[in-house]
Amino acid sequence: MVSREDAFAFRAAVLDLYEREGRDFPWRRTADPWAVFVSEIMLQQTQTARVEPKYLAWMERFPDAEALACVDLATLYDAWRGLGYNSRALRLRESARICAELYGGIPPRDERLLLELPGVGRYTARAVLAFAYGVPSPFLETNIRAALIFHFFRGADKVPDRDLETVAAAVLDRDDPRTWYYALMDYGAWLKRREPNPSRRASAYSTQKRFEGSLRQARGAVLRALSAGAGYGTRGRGLADMAAELGMEYGRVKDAAEGLRRDGLVRIEGDTVRFSD
DNA sequence: GTCCCGAGGT
DNA sequence: ACCTCGGGAC
């Protein structure tokens with residue numbers, strides 16, 4: 001599928017661009033496995049520009065797994081707020097507790113054990129191995145898909161991840177996977193500013209429903225209201241008060257709260273809702 | 001409207 | 001194979 005010559009030329013082009021226009025991020029300036037782990041959780045479906053200030057503040061406040069393990073959910077959400085996909089914060093704290101308990105606060109250098117941590121899937125496990133430990137293995141995310149599809153799947157559509165991962169393995173620089181993946185991601189990000197997003201031709205690609213008026217928007221509103229110190233869950237103030245004060249329909253607030261409860265973020269007793277711890 | 005260094009659940 | 005999960009920059 002990919003000849004050695006193709007792989008060599010592609011690597012050279014990608015690394016050349018990286019030398020000239022590679023991006024610099026705070027999580028690339030550390031090899032601390034816990035810091036790398038935090039950054040990869042934050043970066044799941046979240047732009048680098050949005051993550052950067054949050055990451056810096058987060059690591060200042062919770063420098064290691066032990067520091068994060070004992071934080072209450074209200075504090076946790078307050079620090080996470082703005083990153084979106086708020087269940088990630090809960091999973092990150094749980095991963096911190098597991099790492100502190102079992103691994104001395106250090107994410108394990110083992111794919112199978114990493115995958116046992118909540119919030120860690122195929123991408124994150126291998127990204128942590130590469131960026132924290134220099135262990136090479138093929139993995140995909142949106143920028144990598146863009147780069148590989150643009151170069152190796154001209155004119156193709158609905159390119160399956162299985163094929164992309166085969167190519168990712170063929171072009172992988174096993175001597176320095178850390179630099180390689182920084183360069184490959186930067187190349188994909190660079191490409192997207194010049195071409196119609198090639199990752200749209202990946203089978204993994206999908207659009208999402210509009211945010212305005214969605215349940216996820218309501219969930220965000222409920223969490224913000226909870227953290228605002230408005231006293232919900234106390235003095236008999238509950239979902240009905242929240243709905244009135246947010247100017248939202250009661251049923252919508254109730255549905256949002258129920259979703260948050262299923263995700264373990266809040267507890268609901270009767271009409272009152274509060275953070276789950 | 002489009003995008004984001006995906007994961008977990010069904 | 002499908003769905004849901006945030007929120008802001010552009």
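We name chains A, B, ... by the order of the sequence lines, and we start the count at 1 in each one. Any value given below was found using the heavy atoms of this structure, including those in side chains, with hydrogens, waters and symmetry copies removed.
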Tell me the interatomic distance from [X], atom [atom1], to [N], atom [atom2], rounded to whole angstroms.
| X | N | atom1 | atom2 | result |
| --- | --- | --- | --- | --- |
| Arg81(A) | dG7(C) | CZ | P | 9 Å |
| Glu212(A) | dG8(C) | CD | P | 12 Å |
| Arg200(A) | dT2(B) | CZ | P | 6 Å |
| Tyr182(A) | dC5(B) | OH | C1' | 11 Å |
| Arg23(A) | dC5(B) | CZ | P | 7 Å |
| Tyr85(A) | dG9(B) | OH | P | 16 Å |
| Arg216(A) | dG8(C) | CZ | P | 13 Å |
| Arg193(A) | dC5(B) | CZ | P | 11 Å |

Give one of base, sugar-phosphate or nothing for [X], where a contact means two heavy atoms less than 4.0 Å apart.
| X | answer |
| --- | --- |
| Leu83(A) | base |
| Gly121(A) | sugar-phosphate |
| Thr124(A) | sugar-phosphate |
| Trp80(A) | nothing |

Worksheet item: What integer number of Å spans the C1' atoms of dT2(B) and dG6(C)?
Response: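 Straight-line distance between the two C1' atoms is 15 Å.
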Item to complete: Rounded to whole angstrom, note down the C1' distance from dC5(B) over to dC3(C).
Response: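 Rounded to whole Å, the distance is 22 Å.
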Inset, instruction - Check Val171(A), Val2(A), Asn143(A) against Leu148(A) for a side chain to side chain contact (heavy atoms under 4.5 Å, CB included) and give me the one that passes. - result: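 The single option meeting the side chain to side chain contact (heavy atoms under 4.5 Å, CB included) with Leu148(A) is Val171(A).
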Which residue is it: Leu56(A), Leu68(A), Thr75(A)? I am looking for the one with a side chain to side chain contact (heavy atoms under 4.5 Å, CB included) to Arg61(A).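 Running side chain to side chain contact (heavy atoms under 4.5 Å, CB included) over Leu56(A), Leu68(A), Thr75(A) with Arg61(A) returns exactly one hit, Thr75(A).
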Counting side-chain heavy atoms from CB outward, which of dG6(B), dT4(C), dC3(B) is closest to Lys209(A)?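 Closest of the options to the side chain of Lys209(A): dT4(C).
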Using a strict cut-off of less than 4.0 Å between a Lys/Arg side-chain nitrogen and an Asp/Glu carboxylate oxygen, indicate whether [X] and [Y] qualify as a salt bridge.
| X | Y | result |
| --- | --- | --- |
| Glu52(A) | Arg23(A) | no |
| Asp161(A) | Arg122(A) | no |
| Glu258(A) | Arg261(A) | yes |

Q. Going through the distances and angles, do Phe25(A) and Tyr55(A) end up as a ring pair (Phe, Tyr, Trp, His ring centres under 6.0 Å)?
A. CA-CA 10 Å; Phe25(A) 296 115; Tyr55(A) 167 83; 10.0 Å; no
Taking Watson-Crick and G-U wobble contacts under 3.5 angstrom, with | marking pairs to another strand and [ ] crossing pairs, the secondary structure of DNA chain B is written ||||.|||||
* To do: Describe, in one word, how the ring planes of Phe37(A) and Trp34(A) are oriented to each other, choosing from parallel (under 30°), tilted (30 to 60°) and perpendicular (over 60°).
  =>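 The rings of Phe37(A) and Trp34(A) lie parallel, inter-plane angle below 30°.
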| Between dA7(B) and Arg91(A), is there an OP1 or OP2 to side-chain N/O distance shorter than 4.0 Å? |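 It does not, given that no N or O in the side chain of Arg91(A) lies less than 4.0 Å from OP1 or OP2 of dA7(B).
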N or O in side chain of Asn197(A) less than 4.0 angstrom from dC3(B) OP1/OP2 =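 Answer is yes, contact under 4.0 Å.
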Please walk me through it: do Arg109(A) and Tyr103(A) pass side chain to side chain donor-acceptor pair (under 3.5 Å)?
CA-CA 10 Å; Arg109(A) 181 179 164 144; Tyr103(A) 310 123; over 6 Å; no
| DNA chain C contacts made by residues 44-57 of chain A, counting heavy atoms under 4.0 Å |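 Output list: Gln45(A), Thr46(A), Gln47(A), Arg50(A).
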### Modelled atom types, side-chain donor and acceptor of Tyr205(A) and Arg201(A), under 3.5 Å
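On atom types as modelled, these side chains do not qualify, holding no pair under 3.5 Å.
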With a 4.5 Å limit on heavy-atom distance, are the side chains of Asp271(A) and Tyr250(A) in contact?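 Result yes, sub-4.5 Å side-chain heavy-atom pair found.
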Starting at the 5' end of DNA chain B, which residue's closest nucleotide do you reach first, Val120(A) or Glu40(A)?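 The 5'-side residue here is Glu40(A).
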